[in-house]
Amino acid sequence: MKKTLIAVAVIAAGAAGYYFKFGPGAAGQDSAVLEYVPADTVLLSAQLKPINMADYLASLGLFPQYYGAESQKSIQDLIATTTEPGMKFMLSLALSYMQAFEKPQELEKITGLKLSMRQLMYMVGVSPVVKLEVANEAAMWAMFDKAEKDSGYQHKTGTVGAINYRKYTFTMPEAELDLVVSVNNGWATIVLTSSKLDAANLSIALGATKPAQSVVSSGKLKELSTKYQLNNESFGYISSQELVKALNSKDGNQLAKDVETLFGAEAGVALASWREPACQTDTNAIAASWPGMFIDSSFTIAASGMEGQSRIQIPTENKVTIEGLNLLRGFIPQQQLKLIGDKQMMNFALGLDVAQVAVGVGKLWEVATTTTYTCPALVEMQTELKTSNPMGALAMAGMAGGVQGVSMSLNSMKMDAATQMPTEADAALVLSVANARTFFEGIKAMAPPLAAITLPADGAELDLATAVPEMAMTGLKPKLIASDSHIAVYVGEQAKAQATATVGEKLAKNGLMAMGLDYASFFELMKNSMEASGQPVPPEVAGMMNMNMKNSTVFDVNNHGLVITSTVKLAAPATK
């Protein structure tokens, strides 16, 4: 059952991987679809460059056998035992998708959807809208007919303009929701809405009418693409400005109007303080300073695997905040700014200019505590924040002035079953600091165990087990190398090469943090450690060993604010 639920969840997640293309260079049909996306949508994520769903799922390791007889029987058993018609209906649809992905080339025959399809997701007010490209409309409706027959759940029909639709009503204690489905111009549209909402919402969602302002006609997409230098073939965003309008107004956008319609007096009471003029002014200013989250990506997907890069931009218009974040940036080794290597298990690097921590955090603290608010709730939050001034604690950071970062690479490790201590390892630890030799002499004065250590000359290495006899007890034989900018301790030949490369680099402020993980080798270590200690190995841990995925993520600052870049390489496991 667990495997079935995971498979169903991944199918749903597969429909949420979006790419899209817009603007002057976009194809006419692409632009036509985007003309129906309201400019005031809270979120937008789209894939208008076709993606082969069979290849996509195979690249995740979800081969057809994962949707086979065993998994399908679990869904069939649930359909047989569930008494709630709405649940039976949804389970029947899920079963159809599983049957389609068991035989991917029959996706169009079973579901009506294109095997290589384009997708779009956005919101019309409070209503989520999903659009999927259709190859065979009759097959799609046949799938819904089967779900109705399996569940006894019946639809009602309706028409908006020239578009016919089906409506499935789900009644719950909290609310009554309508699932509306239509097909028009080669696109299936699925809308989750309510009969309480303005009928114009459904007309826009189904594509019968255009919004007064769309993301294209308003110039919003072009503006965002230019400002944040986004990859136009893969893009998405969440707008804090549109979210705030729903918080501080009754009619600032369609979402605010829908909240008022659905919750009326309850919303008025719950949000009354935020709708006062002072709070409207303050929250609008915050949203203008922090406009939201913007995402772009570029992936190559095939049945053999997936490789690509994604970027999350969290911008701010507050220049003092960006200055503060920039002051914190430190040094990250070049090898950790790239996708983790084939023979590495994991790495981590913290780039931090310790000498600038107090100044950088001071700027961030200044923005948080001196910005003038008149909204009572924000004034109260700011007053409480002022009682937790971190500047005193950060004064100690000056003692480590010159430190620019610390990095770690772990390539392999074996653990002792009894002590759970490493018996073999290939790993490196590097401290990056300006005037490293002078810095180390200062540290020795405060740390007696280091007194016996004299940093070796450039190009030479020190056997730490000889210099510090206690280290010999580990049996790992650590070595130390140094330069004017780095001090590195390593064990193993691969780690030696990594440490040597880092020690030879010049210091530069190039990031805040970086991390990388090879999932297969990391979970193999976990599995071996559990087995050695006699612990049972959870199936999910053993399963992760088959995920041949490598991921690296870098946190940094650019001229817009915080930026997070992730690189992934996923090779599909061999078919079993």
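Keep in mind that this is a model prediction, so the values were computed, not measured.
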Can you tell me how far [atom2] of [Y] sits from [atom1] of [X], rounded to the nearest 0.5 angstrom?
X      : Y      : atom1 : atom2 : value
Ile340 : Met515 : CD1   : CE    : 11.5 Å
Asn347 : Lys338 : CG    : NZ    : 12.5 Å
Asp296 : Ile312 : CG    : CD1   : 10.0 Å
Ile322 : Leu562 : CD1   : CG    : 10.5 Å
Leu43  : Leu243 : CG    : CG    : 8.5 Å
Asn52  : Lys114 : CG    : NZ    : 12.5 Å

With distance as the sole test, does [X] use its side chain to make a donor-acceptor pair with the main-chain N or O of [Y] at under 3.5 Å?
X      : Y      : answer
Thr565 : Val554 : no
Ser310 : Ser297 : no
Ser239 : Glu242 : yes
Ser409 : Ala427 : no
Gln344 : Gly341 : yes
Ser225 : Leu221 : no
Asp426 : Gln494 : yes
Thr82  : Glu84  : no
Lys550 : Gly516 : no

**Item:** Lys88 and Asp150: CA distance, side-chain angles, deciding distance, salt bridge (Lys or Arg N to Asp or Glu O under 4.0 Å) verdict
**Value:** CA-CA 7 Å; Lys88 283 179 176 284; Asp150 290 344; over 6 Å; no

**Item:** Ring-ring centroid check His486 Phe331, cutoff 6.0 Å
**Value:** yes

How about [X]: does its [atom1] atom have over 12 heavy atoms from other parts shown lying under 6.0 Å from it?
X      : atom1 : value
Gln229 : CD    : no
Met87  : CE    : no
Lys109 : NZ    : no
Lys146 : NZ    : yes

**Asked** Can you list the steps and then say if Ile564 with Arg311 is a side-chain contact (heavy atoms from CB on, under 4.5 Å)?
**Response** CA-CA 6 Å; Ile564 306 167; Arg311 178 177 57 136; over 6 Å; no

Is it true that [X] and [Y] have a side-chain N and a carboxylate O under 4.0 angstrom from each other?
X      : Y      : result
Lys569 : Asp518 : no
Arg329 : Asp556 : yes
Asp463 : Lys479 : no

**Request:** Using distance alone, with no hydrogens and no angle criterion, decide if Ser566 and Thr553 have a side-chain donor and acceptor under 3.5 Å apart.
**Result:**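 Yes - a donor-acceptor pair under 3.5 Å links their side chains.
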
**Any side-chain donor near an acceptor of the partner, Thr567 and Gln309, under 3.5 Å** =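 Result is yes, a qualifying pair exists.
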
**Request:** With the side chain counted from C-beta on, respond yes when Leu507 and Ser432 share a heavy-atom pair under 4.5 Å apart, and no when they do not.
**Result:** yes

**Prompt:** Quick one: are Glu505 and Gln334 in side-chain contact, heavy atoms under 4.5 Å?
**Reply:** yes

**ring pair (Phe, Tyr, Trp, His ring centres under 6.0 Å) involving Phe89 - partner list, sequence neighbours excluded** =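 Expected list: Tyr153, Tyr168.
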
**Request:** Report the relative orientation of the aromatic rings in Phe523 and Tyr519; use parallel for angles under 30°, tilted for 30 to 60°, perpendicular for over 60°.
**Result:** parallel

